[in-house]
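Each ligand, and each atom within it, is numbered from 1 in the order the structure gives.
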Amino acid sequence: MGKSTVGGKSRNKELLYVFMTWLVFCTLMLSGHYSSLIELTMSSTSFPISGKSTFSLPTKSLFPIRNTKENLPDGKKDGVLDSCSGRYIYIHDLPSRFNVDIIKNCNSSLIKWFDMCKCVMNGGFGPPATNSRDILQEHGWYATDQFSLEVIFHNRMKKYQCLTNESSLASAIYVPFYAGHDVSRYLWESNISVRDAAGVDFADWISKQPEWKTMWGKDHFFVAGRIIWDFRRETNKSSDWGNNLMLLSEVKNMTVLTIESIPWSPTDIAIPYPTYFHPTSQEEVEAWQKKITQQKRPYLYSFVGAPRPNTQRSIRGRIIEQCLDSREKCKLLNCNISSNDCYDPGRVMEMFLNSRFCLQPTGDSYTRRSTFDSILGGCIPVFFNPGGAYGQYVSYLPKNHSDYSVFIPESDIREGKTSIEEVLRKKSEQEVVKMQKEVIKLIPKVIYVDPSSGLNTSEDAFDIAIKKVLERVNTTRREIVNGRTLTIDKLRKKPQQSRQQYDEDYRLLE
Ligand SMILES: *[C@@H]1O[C@H](CO)[C@@H](O)[C@H](O)[C@H]1NC(C)=O
Ligand SMILES: *[C@@H]1O[C@H](CO)[C@@H](O)[C@H](O)[C@H]1NC(C)=O
Ligand SMILES: *[C@@H]1O[C@H](CO)[C@@H](O)[C@H](O)[C@H]1NC(C)=O
Ligand SMILES: *[C@@H]1O[C@H](CO)[C@@H](O)[C@H](O)[C@H]1NC(C)=O
Ligand SMILES: *[C@@H]1O[C@H](CO)[C@@H](O)[C@H](O)[C@H]1NC(C)=O
Ligand SMILES: *[C@@H]1O[C@H](CO)[C@@H](O)[C@H](O)[C@H]1NC(C)=O
Ligand SMILES: *[C@@H]1O[C@H](CO)[C@@H](O)[C@H](O)[C@H]1NC(C)=O
Ligand SMILES: *[C@@H]1O[C@H](CO)[C@@H](O)[C@H](O)[C@H]1NC(C)=O
Ligand SMILES: *[C@@H]1O[C@H](CO)[C@@H](O)[C@H](O)[C@H]1NC(C)=O
C-alpha cells in the first residue's frame, strides 16, 4: 500500500476538501456546537482520498477529535475545553481466550519450572517483596517478574484518564492480547502449529472486527511482554525459536510495545522492563530518589548475572573474571542455577545501591531487565553493545548516552584489550556525581506506578509509551488523509542494516 502517486489534480481537490473541512470544523469549535460537529465527521463516509490509493473510503472519521457529552470524563462540562482531546483510547473487547484464560491456567500450562501464578498476582506486580536487606521502603516494592508487563499494562490501561467506549471516537485502540504469556506456554513445544495457533487465531479475529477497517489496524496497539525474538520465527523448522506472531500481515499493521525490539529496525517501540518498584505516590518516588542520592557506594562496580555456556559469543565469562580480579573494587552476585539470591529484590537492589557502576552485558538477547533495576538503584550502567539500550529505549533515555552511562565495546573485552576497572577509575569524582544525578533523574520515567491509588505521580513509563503510540497513529492518520506513503511502511521497507554493520557503526562512535 502507501502509493504516493496521487495525481496533481485530485491532490489539489483533496487539499481543498481538507481545508474546507477544517474551516467548518473551526467555525463549529468556536461556536461550541459539539453535537453538529460529531454528525459532520461521522457522516463523511466519502473522504476524497485519491482513487488510486489502496485505501478505500473509511466509513468512520479518521479524525476523532471531539467526544460526545456522554463520553466526557467526569467533571467535564459541555463547553469546557476537553483536555483528553486527541488522547482518547478505546480498549478492544477481546474474547477471554486471548488474555485472562491464558493466565488462568498458570499452575499447569505456563512455563513449567516457574510459578506463573505468583508472577501475575497483584495486577502483574507479583508478591510483595520481602525486605530481606532492610533497604526497601515499606510500600510499593514487589518481586516483579521481568515478563509480566502485559498484565501490568492492561490494569494500568483500565485506569487511563481518557478512555472512551466509542471506538470511532478513539485516537488509538488498545488490544489486550497477552502475547508473551501465550507464547511462553509453548516455547519448548516442537509442533510449530501448536506454537502459532493462538497468534493466528488472534490475527484472524481482530481483522474481522468493525474497528479494523477504519485504518487497517494502524491505530491498534498491544504489548508483548517478552523480547521480540520470541515472536519472530522466520522458517517453519521446528528447531527454530518462537512463534510467527510478528510476521503475520495483520500484526505488522499494528504497533507493538515490547521490552526488546530489533535495534536496527525501529518499527516496534521498546519500553522499559518492569522493575520491583511500583509506588503509589510522588512522595514515595522522591523519598527513594533522596535515599539513593545520599547512599554510600563502597564498590567501584558490580555485576549481577550468570555466565553463559557459549564463551565464544558471550563476554559474561570474561566480565566475571575481571570482576574477581578487581577484588574489593568489584562485587559479584552470581545468578547460577544453584543460587536463589537473584530472585530476591532486596538482595539485588542492595548490589546496585552499593556500587557506582553496574555492568550490563548482553545475555540471551541484547537487553536486560537489570538495566532498569540498576537505574532504580542510582547505579551508572555500563553497556558493551549498543543494542543493550541506546538502540532501544529512545524515548526514555537521554540522546547523549555519555550523560548517564559508559560504553565499552564488546570486542575489546573479548580480545582482552580493555580493563573495565581502569576505564571506570579514570572517571573523575565530578563526572561520576554528574552521571549519577542524571541516572537518578531517570527513575520516575522508567517505573510503572501503581494505578490503584489515584495516579498522582509524574509521567512514568506507561505515560511515555502511550504518548509515543498516539504520536505514531496521529502521523499515520495524517499521511493516510493526505495520500502520502506512510512513514511506518517506509521504515519497514528500509533495507535492513545487518547486525554486524549496526554494531560496527556504534564501535566507531567511541
Ligand atoms: C496453584 O497451585 C497452588 C499449589 O499447588 C495453589 O495454592 C494455588 O491456589 C493454585 N493457583 C491457581 C490459580 O490455581
Ligand atoms: C464504558 O462502559 C462500561 C459498561 O457499560 C462502563 O462501566 C464504563 O464506565 C464505560 N467507560 C467509559 C469511559 O465511558
Ligand atoms: C501438530 O499439531 C496439530 C494441531 O494439534 C496437529 O493437527 C498436527 O498433526 C501436529 N503435527 C505434528 C507433526 O505432530
Ligand atoms: C509455513 O507454513 C505456513 C502454513 O502451512 C505457510 O503458510 C507459510 O508459507 C510457511 N512459511 C514458510 C516460511 O515456509
Ligand atoms: C495493512 O495495511 C495496508 C494499508 O497500509 C492494507 O492495504 C492491508 O490490507 C492491511 N493488512 C491487513 C491484513 O489488513
Ligand atoms: C553459584 O553461585 C553461588 C553464590 O553466588 C556460588 O557460591 C557458587 O560457587 C556458584 N556456583 C558455580 C558452579 O559457579
Ligand atoms: C555528550 O556528553 C558528554 C559528557 O556528558 C560530553 O562530553 C559530550 O560532548 C556530549 N556529546 C555531544 C554530541 O553532545
Ligand atoms: C498530588 O500530588 C501533589 C504533589 O505531590 C500534591 O500537592 C497534591 O495534593 C496531590 N493531589 C491529590 C489529589 O492527591
Ligand atoms: C496530532 O497532530 C496534530 C496536527 O499535527 C497536532 O495538533 C496534535 O497535537 C497531535 N496530537 C498528538 C496526540 O500527538
Parallel, tilted or perpendicular: rings of F153 and F462 (30°, 60°)
tilted
Taking only non-hydrogen atoms of N165 and a 4.0 Å limit, the atoms of ligand 2 in range are 1 (C), 2 (O), 3 (C), 8 (C), 10 (C), 11 (N), 12 (C), 14 (O)
Is there a protein heavy atom less than 4.0 Å away from atom 11 (N) of ligand 3?
yes
*Answer yes if a protein heavy atom lies under 4.0 Å from atom 2 (O) of ligand 3, otherwise answer no.*
yes
*Side chains of E166 and Y88: closer than 4.5 Å at any heavy-atom pair?*
no
Taking only non-hydrogen atoms of V194 and a 4.0 Å limit, the atoms of ligand 3 in range are 2 (O)
Paired with D463, the salt bridge (charged side-chain N to carboxylate O under 4.0 Å, His left out) test is passed by just one of K468, R87, R156, namely R156
*Parallel, tilted or perpendicular: which fits the ring planes of W188 and W241, with parallel below 30° and perpendicular above 60°?*
perpendicular
In ligand 3, the atoms that come under 4.0 Å of a heavy atom of S193 are 1 (C)
A student checking ligand 5 against S249 at a 4.0 Å heavy-atom cut-off should list atoms 13 (C)
NZ or CZ of R368 within 45° of F383 ring axis and under 6.0 Å: no
The closest protein heavy-atom partner of atom 13 (C) of ligand 3 is N191 ND2, 4.5 Å
Counting heavy atoms under 4.0 Å, the part of K218 that contacts ligand 5 is side chain
Note, D489 side chain near K218 side chain (heavy atom, < 4.5 Å): yes
Short N/O distance, under 3.5 Å, between W212 and ligand 5? yes
Could you establish whether S207 and ligand 5 come within less than 4.0 Å of each other, counting only heavy atoms on the residue side? no
Just distances here: any N/O of E250 and N/O of ligand 5 closer than 3.5 Å? no
### Task
Assess R226 against F147: is NZ or CZ under 6.0 Å from the centre of the six-membered ring, and within 45 degrees of the ring's axis?
yes
- Task: Could you check whether the rings of F98 and F202 sit parallel, tilted or perpendicular, using 30° and 60° as the cut-offs?
- Result: perpendicular
